[in-house]
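What follows is one structure encoded as structure tokens, with my remarks underneath.
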Amino acid sequence: MHQMSSEMQSCIDECLRCYQTCLGMASNHCLPAGGKHVEPAHFRLMMACAEICRTSAHLMLTGTPEHRHTCRACAEVCEACAKSCEQVGDMDDCVQQCRRCAESCRKMAA
């Protein structure tokens, strides 16, 4: 197995937390809440965020150098998701986790 930097391990952890947070909030908070929480653009963005976070973690775990590309995309999607969740309201956990993940992924993409 390749040697993983502590920065990469930290990014993997943030990505997996963001995956869990976005998927969990979409399923267990947004769906029951209804209304603006399940508007298609917002809900799709949450699903996309969860998936790009999972994918970024996966590529880092496999040691693929192309993880920089997914990390760059992940940072952009996480920022968009944080903004959308902030606008919808009552989604502070998701907003904070998306921003932490975006920051970590920006470092990995550099």
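Along the sequence shown, residues carry numbers from 1.
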For Cys18 and Gln97 the tightest heavy-atom approach is CA-CG, 3.5 Å
Atom pair CG/SG of Asp13 and Cys101 - distance to nearest 0.5 Å: 10.5 Å
Under the side-chain contact (heavy atoms from CB on, under 4.5 Å) rule, collect the residues that match up with Gln96, sequence neighbours excluded. Asp92, Arg100
Show which side-chain atoms of residues 70-78 pair as donor or acceptor with protein atoms under 3.5 Å away, not counting sequence neighbours.
residue: Thr70; atom: OG1; partner: His67; partner atom: O; Å: 3.0
residue: Arg72; atom: NH2; partner: Ala109; partner atom: O; Å: 3.3

Listing, residues 29-46 side-chain donor-acceptor contacts under 3.5 Å, not counting sequence neighbours, or none:
residue: His29; atom: NE2; partner: Asp90; partner atom: O; Å: 3.1
residue: Lys36; atom: NZ; partner: Val88; partner atom: O; Å: 3.0
residue: His42; atom: ND1; partner: Ser84; partner atom: OG; Å: 2.7

May I have the step-by-step check of salt bridge (Lys or Arg N to Asp or Glu O under 4.0 Å) for Glu51 and Arg54, ending in yes or no? CA-CA 5 Å; Glu51 186 58 24; Arg54 187 198 64 78; 2.6 Å; yes
Quick check for you: to the nearest 0.5 Å, what is the distance between Cys53 atom SG and Arg17 atom CZ? 11.5 Å
Got a sec, which pairs hit salt bridge (charged side-chain N to carboxylate O under 4.0 Å, His left out) with one end in residues 101-110, sequence neighbours left out? Glu79-Arg106, Glu103-Lys107
Taking all non-hydrogen atoms of both residues, which atom of Met4 and which atom of Met60 are closest, and how far apart? CE-O, 4.2 Å
How long is the gap from CE on Met108 to CE on Met8, to the nearest 0.5 Å? 3.5 Å
Would Val95 and Arg99 satisfy side chain to side chain contact (heavy atoms under 4.5 Å, CB included), going step by step from the backbone distance to the final call? CA-CA 6 Å; Val95 171; Arg99 290 203 170 124; 3.3 Å; yes
Interatomic distance, CD@Gln9 vs OG@Ser6, rounded to 0.5 Å, equals 9.0 Å
Verify side chain to side chain contact (heavy atoms under 4.5 Å, CB included) between Cys81 and Cys22, making sure each step is shown before the conclusion. CA-CA 9 Å; Cys81 190; Cys22 285; 4.0 Å; yes
Which residues pass the ring-ring contact (aromatic ring centres under 6.0 Å, His included) test with His69, sequence neighbours left out? none
Would you call Cys85 and Met25 a side-chain contact if the rule is heavy atoms closer than 4.5 Å? no
Could you note down all residue pairs passing ring pair (Phe, Tyr, Trp, His ring centres under 6.0 Å) where residues 72-110 supplies at least one of them, sequence neighbours left out? none
Heavy-atom side-chain contact between Leu16 and Gln20 under 4.5 Å: no
Leu23 vs Met47 side-chain heavy atoms within contact, under 4.5 Å: yes
